[in-house]
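Inspection log for the structure reproduced underneath, given as structure tokens.
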2 protein chains.
Amino acid sequence: MARPRKFDPQEALEKVTDVFWRKGFEGASMQEIEAATGLNKQSLYRLFPDKRAMYLAALQKYEEQEGEPLRAMLSGPGGASERFKRVFDNLVASAARGDRRGCFLCNAATDQAQLDPATQGFVSAAVKRFERMFREALRVSAPYNRDREATKAKAAALLSAYFGLRVLTRANAPLNTIEAAARQACETI
Amino acid sequence: MARPRKFDPQEALEKVTDVFWRKGFEGASMQEIEAATGLNKQSLYRLFPDKRAMYLAALQKYEEQEGEPLRAMLSGPGGASERFKRVFDNLVASAARGDRRGCFLCNAATDQAQLDPATQGFVSAAVKRFERMFREALRVSAPYNRDREATKAKAAALLSAYFGLRVLTRANAPLNTIEAAARQACETI
DNA sequence: GGAATTGCGGACCGAATGGTCAATAATTTG
DNA sequence: CAAATTATTGACCATTCGGTCCGCAATTCC
């Protein structure tokens with residue numbers, strides 16, 4: 001009978017996620033991850049076969065963690081406009097709080113998607129999931145509840161605005177620029 | 001009298017820029033840069049004091065190289081709408097050609113701006129320069145030629161759309177998504 | 001108690017990293 | 001020619017990198 005683990009793998013993965021989110025794949029060293037988790041490398045290698053697998057697991061964890069509140073905001077009460085307002089207000093509030101981590105998915109897209117096939121696969125699929133979420137949220141209001149093309153176009157535009165705002169956040173753009181862009185995105189719905 | 005260089009520093013810098021653009025700061029090794037330039041590391045260190053200086057020089061080179069065509073598109077004939085249409089059409093065409101490098105500035109924002117003060121300084125300033133360029137291009141048309149607040153807001157929104165599209169490009173989003181988002185961005189002007 | 005199984009910890013590994021060193025080379029000037 | 005100056009080359013450096021090894025540890029089962 002195997003010796004039980006002294007740590008919670010999910011808790012470790014959350015810490016791993018945070019390091020990769022901040023530092024990116026290449027910038028996060030195994031030593032740093034050791035320090036962040038308080039675990040010895042060998043313990044980490046018993047959980048994940050290699051650094052890339054760890055990174056992909058972190059991306060998935062991030063999507064679960066951040067996707068949930070996003071989904072909640074997009075499926076709560078109100079019309080499409082109100083729903084997206086909640087999302088963009090939340091994004092602005094986070095930047096206002098000084099949280100400049102941006103979006104790990106967005107970071108991974110620019111950082112790794114063109115360099116690693118597995119990351120690209122994940123990122124592409126995740127972007128599609130986001131897009132689908134946006135489409136569904138739009139469909140609660142006219143004209144999106146009956147015009148498929150308008151829905152697709154608007155979802156794409158909002159997705160683009162969302163990612164662009166994430167970049168501006170990470171670039172330390174002034175808060176009023178971020179606010180203005182967020183407001184504009186909502187006003188077009 | 002010093003021995004003359006056997007290579008053109010500007011040409012070398014262009015090659016360096018390409019490597020950093022594709023691989024990012026951490027992902028691009030000096031060995032790779034050696035190979036791309038055909039130069040020995042010591043020759044490169046005679047041009048730049050260290051890797052970071054090289055990276056910053058590459059970012060600057062990129063802004064010069066890519067900023068020029070962007071400026072031309074935004075200052076050529078036509079109203080604001082036509083001008084931005086040119087920019088976004090160009091971006092879509094590049095993605096259609098399979099060029100998924102995205103925007104080095106955008107990549108640097110997500111990748112390095114929160115990790116290195118010098119990069120953040122550069123990126124922040126460059127984003128402001130882009131924003132100013134966008135404002136100027138908007139001012140050739142109503143209502144932006146007389147409404148400062150509307151101009152600022154629209155410039156911020158277009159900047160956000162521009163960067164978002166760059167992320168979608170890098171994420172291998174389907175071309176129709178990119179096209180739709182680009183078209184939507186222009187239609188709001 | 002021993003066997004089986006997996007976990008922990010620290011040492012270890014070969015390769016890669018960013019950067020440096022020193023001999024030689026190329027140019028101008030006097 | 002020698003001196004001065006910077007360029008080139010290839011070897012070298014200490015550290016870091018992602019990953020592995022192995023002895024000891026912890027648990028259950030018989």
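Quantities reported herein were computed from a predicted structural model and do not represent experimental measurements. Here is how names work: the chains are called A, B, and so on, in the same order as the sequence lines, proteins then strands, and each is numbered from 1.
A heavy-atom distance below 4.0 Å to DNA chain D is reached by these residues of residues 49-62 of chain A, ordered by number: D50(A), K51(A). Within residues 24-38 of chain A, the residues that place at least one heavy atom under 4.0 Å from DNA chain D are, in residue-number order, A28(A), S29(A), M30(A), Q31(A). Within residues 6-14 of chain B, the residues that have a heavy atom under 4.0 Å from DNA chain D are, in order of number, K6(B), F7(B).
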Which atom pairs, one a donor and one an acceptor, fall under 3.5 Å between side chains of residues 81-88 of chain B and the rest of the protein, sequence neighbours left out?
unit_1: E82(B); atom_1: OE1; unit_2: G79(B); atom_2: N; d: 3.2
unit_1: R83(B); atom_1: NE; unit_2: G76(B); atom_2: O; d: 3.0
unit_1: R83(B); atom_1: NE; unit_2: G78(B); atom_2: O; d: 2.9
unit_1: R83(B); atom_1: NH1; unit_2: L74(B); atom_2: O; d: 3.1
unit_1: R83(B); atom_1: NH2; unit_2: G76(B); atom_2: O; d: 2.9
unit_1: R83(B); atom_1: NH2; unit_2: G78(B); atom_2: O; d: 3.4
unit_1: K85(B); atom_1: NZ; unit_2: D89(B); atom_2: OD2; d: 2.8
unit_1: R86(B); atom_1: NE; unit_2: M73(B); atom_2: O; d: 3.2
unit_1: R86(B); atom_1: NH1; unit_2: P77(B); atom_2: O; d: 3.0
unit_1: R86(B); atom_1: NH2; unit_2: M73(B); atom_2: O; d: 2.9
unit_1: R86(B); atom_1: NH2; unit_2: P77(B); atom_2: O; d: 3.0

Show me the donor-acceptor pairs within less than 3.5 Å that the side chains of residues 3-14 of chain A make with the rest of the protein, sequence neighbours left out.
unit_1: D8(A); atom_1: OD1; unit_2: Q10(A); atom_2: N; d: 3.2
unit_1: D8(A); atom_1: OD2; unit_2: E11(A); atom_2: N; d: 3.4
unit_1: Q10(A); atom_1: OE1; unit_2: K61(A); atom_2: NZ; d: 2.8
unit_1: E11(A); atom_1: OE2; unit_2: K15(A); atom_2: NZ; d: 3.4

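With rounding to whole Å, F48(B) atom CZ is found 15 Å from dT20(C) atom P. If you measure from atom NZ of K41(A) to atom P of dC21(D), you get 14 Å, rounded to the nearest angstrom. Atom pair N40(A):CG and dG7(C):P shows a separation of 13 Å (rounding to whole Å applied). Following rounding to the nearest Å, Y45(A) (OH) and dT20(D) (C1') show an atom-to-atom distance of 9 Å.
Partners of R139(A) under the salt bridge (charged side-chain N to carboxylate O under 4.0 Å, His left out) rule, at least two apart in sequence or in another chain, do not exist in this structure. Not a single salt bridge (charged side-chain N to carboxylate O under 4.0 Å, His left out) links E64(A) to another residue, sequence neighbours left out. Not counting sequence neighbours, the partners of A150(A) by the side-chain contact (heavy atoms from CB on, under 4.5 Å) test are Y144(A), D147(A). Legend: residues meeting side-chain contact (heavy atoms from CB on, under 4.5 Å) with E68(B), ordered by chain and number and at least two apart, are absent. Residues forming a side-chain contact (heavy atoms from CB on, under 4.5 Å) with S124(A) (at least two apart in sequence, or on another chain): Q120(A), N172(B). Take Y55(B) and apply the ring-ring contact (aromatic ring centres under 6.0 Å, His included) test, not counting sequence neighbours, and it matches F20(B), F25(B), F104(B).
Salt-bridge check for R101(A) with D18(A): passed, with a basic side-chain N closer than 4.0 Å to an acidic carboxylate O.
In the model, T188(A) has no side-chain atom that pairs as donor or acceptor with a side-chain atom of T188(B) under 3.5 Å. Using modelled atom types, one finds a donor on one side chain and an acceptor on the other under 3.5 Å when comparing T119(B) with R52(B).
Atom-to-atom distance recorded for R183(A):CZ and I178(A):CD1 is 12.5 Å, nearest 0.5 angstrom.
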Give each protein N/O atom lying under 3.5 Å from an N/O atom of nucleotides 22-25 of chain D, with the pair distance.
unit_1: dA25(D); atom_1: N3; unit_2: R3(A); atom_2: NH1; d: 3.3

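Here S43(A) reaches the OP1 or OP2 of dC8(C): one of its side-chain N or O atoms lies under 4.0 Å away.
The aromatic rings of F130(B) and F163(B) sit parallel, their planes meeting at an angle under 30°, below the 60° perpendicular limit.
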